[in-house]
Number of protein chains: 2
Amino acid sequence: MTAAMSHYDALDFGTIDRGTLPAQEHEGANVSVRDLTRLLHIDCPDEAWLARTAFALRRVREGESLVRAGDKFHSLYVVRSGCFKTVYTDLSGSEQVLGFPMSGDLMGADGIDSGHYGSTAISLDTSEVVIVPLASLARLVYECPRLEALLYRALSRELVRVQNMAWTLGTLGAEGRVAAFLLTLSARLGALGYSRCSFNLRMTRQEIGSYLGLKLETVSRALSALNSSRIIEVHQRSIDIVDADALRGVIDPAAGIAASIAPPLGSAVPESGAGNGKRARKPRPPFQPGIAWQQLAAA
Amino acid sequence: MTAAMSHYDALDFGTIDRGTLPAQEHEGANVSVRDLTRLLHIDCPDEAWLARTAFALRRVREGESLVRAGDKFHSLYVVRSGCFKTVYTDLSGSEQVLGFPMSGDLMGADGIDSGHYGSTAISLDTSEVVIVPLASLARLVYECPRLEALLYRALSRELVRVQNMAWTLGTLGAEGRVAAFLLTLSARLGALGYSRCSFNLRMTRQEIGSYLGLKLETVSRALSALNSSRIIEVHQRSIDIVDADALRGVIDPAAGIAASIAPPLGSAVPESGAGNGKRARKPRPPFQPGIAWQQLAAA
DNA sequence: CGGTAAGTTGAATCTAGTCAAGAAACGTGG
DNA sequence: CCACGTTTCTTGACTAGATTCAACTTACCG
């Protein structure tokens, strides 16, 4: 609990500000609060002075690490361009990929509580991140109460993402995991304005496997199988999603059918009811449809 | 994005306060901010007036659900006593357990961003939760800036917990998962003042299996195997951890040995170095030791 | 005391991992 | 531009580990 105290100091207003950041992180142009909220897809009050408050950018080259597990926590990062991987590394040297943050994603949030980053972030290509010192953000929120939700929502979103990951790992087999991975990636790229059905992977089979709790051979086999089924077309790192519904069907046959019937719903969750699925074969189906697969179905 | 706007309204100060909560949640005694921070193990400034601000309690009987996936988000909950399970439910009716929140754990955080809870929370025995309306908390933080870190840290902690879960599911086999589960449970109970090496499970094999991405038979077998190895003693739901180091060894043989040599480190992560592992067989071992297993080793 | 839910154990099956070989892409220097 | 080595990817055969199906035991609750 001593770590907690020293960490608390870092959050005390006026104690630490951008001026105390490592010098290396002062480079490139600045980004306004407006830009930041737009990047995070979080609504922001329309006050002119907010545009003046700015955050620094940092450029990270391919293979370079932005933060390392165990480093002292000082800032959050929001990806502005490029793609990262975040990894745990255990004693035996093997690593587990926890995520592939892309434009608009938050990194470093796992360091807030303990005061030390919990995972290492490595750039998969030349990337740019917005540096968000927690102290600055806290001050900003204090000055503009309507920003209160900003960080809460960003953290909550990250939490949902990881929970979905846990669901994927705990529930799906190899093909399902790969299908879920492709659909999620497709949806994220689509949200960024890129093609939803044709893209290039920026990570190796090894990294995908590590992320999905599979071996690289298994990932390769799963991709080949989906390729043979005419659901996707794979040529090395180039992916074409030929039949998105079929891909959803790989995750859950019932959901695949349901998704092809129901109009693709937006980001909002249906208010109630919607217990419209074909039929429940289990004795106790009193639950509302879950969220996990919807995130994938909404691709 | 329309959901985002309406959600934002809910966070606007003065718009919603405790008075607008569902009537059913106004029952039992109240809890002060001091109590809340103590429950969450988060440091709190020592201002007298904080003791006056209070949150309501709610009692949840065994089997009863506190919130359901898809319900409109209004409050966070901190468990004060008892034990819950949080579950996703997919279309086909099968459920996946995401966690077993106990005293001091936060629930409902996955609803902040979308405005709807992402998982259902069901009590495993008669439990009590502190109701923390986000709007109240936001106002509180505004009135007392030093509380800024409170929610950030609680959310960050939850994020780390789920990330560890993803690591467990992606990396470990059946026995390792069960061992990790027992060690984590042991550590949590220990932190609450209960015995670290002798306790009763409050969940079924089915629920444990769902949580760990295994079938109930596999959980049973893993427990039996650990029992045969004299590492634990199992009689139905009663667990005795006989050899905690050996249990850690099940997760990662190297870590088990290392843990028995090195003195059990506290919550703080070593500053640097400590790349002391036996030997690295991979060509590139420039990473610091990870966090995942340390959480377990620090039991 | 009987009925139901929960847990254990065994045998067969199936999925993903392991080991190994080979093919395709990439980068570098001649 | 091509030859070379390296990395990444694919595919096959075999093995280990988890699931499935099923029988049975043990606890729990009225």
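First the proteins, then the strands, lettered A, B, ... as listed; each starts at 1. Small disclaimer: the values here were computed from a predicted structure and weren't measured.
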Reckon [X] touches a base, only the sugar-phosphate, or nothing at all at heavy-atom distances under 4.0 Å?
| X | result |
| --- | --- |
| Gly213(A) | sugar-phosphate |
| Ser224(A) | sugar-phosphate |
| Arg237(A) | sugar-phosphate |
| Leu214(B) | sugar-phosphate |

May I have the distance from [X] (atom [atom1]) to [N] (atom [atom2]), rounded to whole angstrom?
| X | N | atom1 | atom2 | result |
| --- | --- | --- | --- | --- |
| Met203(A) | dT8(D) | CE | C1' | 15 Å |
| Glu217(A) | dT15(D) | CD | P | 17 Å |
| Ile239(B) | dT8(C) | CD1 | C1' | 14 Å |
| Leu169(B) | dA16(C) | CG | C1' | 16 Å |
| Glu207(B) | dA6(C) | CD | C1' | 11 Å |
| Glu233(A) | dT10(D) | CD | P | 14 Å |
| Leu172(B) | dA16(D) | CG | C1' | 17 Å |
| Gln206(A) | dT6(D) | CD | C1' | 15 Å |

key: Atom pair CD (Gln96(B)) and OG1 (Thr171(A)), whose distance is rounded to the nearest 0.5 Å   = 4.0 Å

message = Quick check for you: to the nearest 0.5 Å, what is the distance between Cys83(B) atom SG and Glu62(B) atom CD?
response = 10.5 Å

Which of these nucleotides, [options], is closest to any side-chain atom of [X]?
| X | options | result |
| --- | --- | --- |
| Thr204(A) | dC21(D), dT8(D), dA13(D) | dT8(D) |
| Ser220(B) | dT18(C), dT9(C), dA18(D) | dT9(C) |
| Val234(A) | dT19(D), dT10(D), dC9(D) | dT10(D) |

message = Below the 4.0 Å mark, does dT8(C) have OP1 or OP2 next to a side-chain nitrogen or oxygen of Arg205(B)?
response = yes

query = Does the side chain of Thr218(B) get closer than 4.0 angstrom to OP1 or OP2 of dT19(D) through an N or O atom?
reply = yes

key: 4.5 Å side-chain heavy-atom contact, Glu207(B) and Leu124(B)   = yes

remark   = Test side chain to side chain donor-acceptor pair (under 3.5 Å), reference Ser119(A), set Thr89(A), Thr86(A), Asp110(A), output is Asp110(A)

message = If you go through the side-chain atoms of Arg221(B), does one of them form a donor-acceptor pair with the base of dG10(C) closer than 3.5 Å?
response = yes

remark   = Walking DNA chain C from its 5' end, the first of Lys215(A) and Gln236(A) to be reached, judged by nearest nucleotide, is Lys215(A)

inquiry  = Are Phe100(B) and Tyr211(B) an aromatic pair, judged by ring center distance below 6.0 Å?
reply    = yes

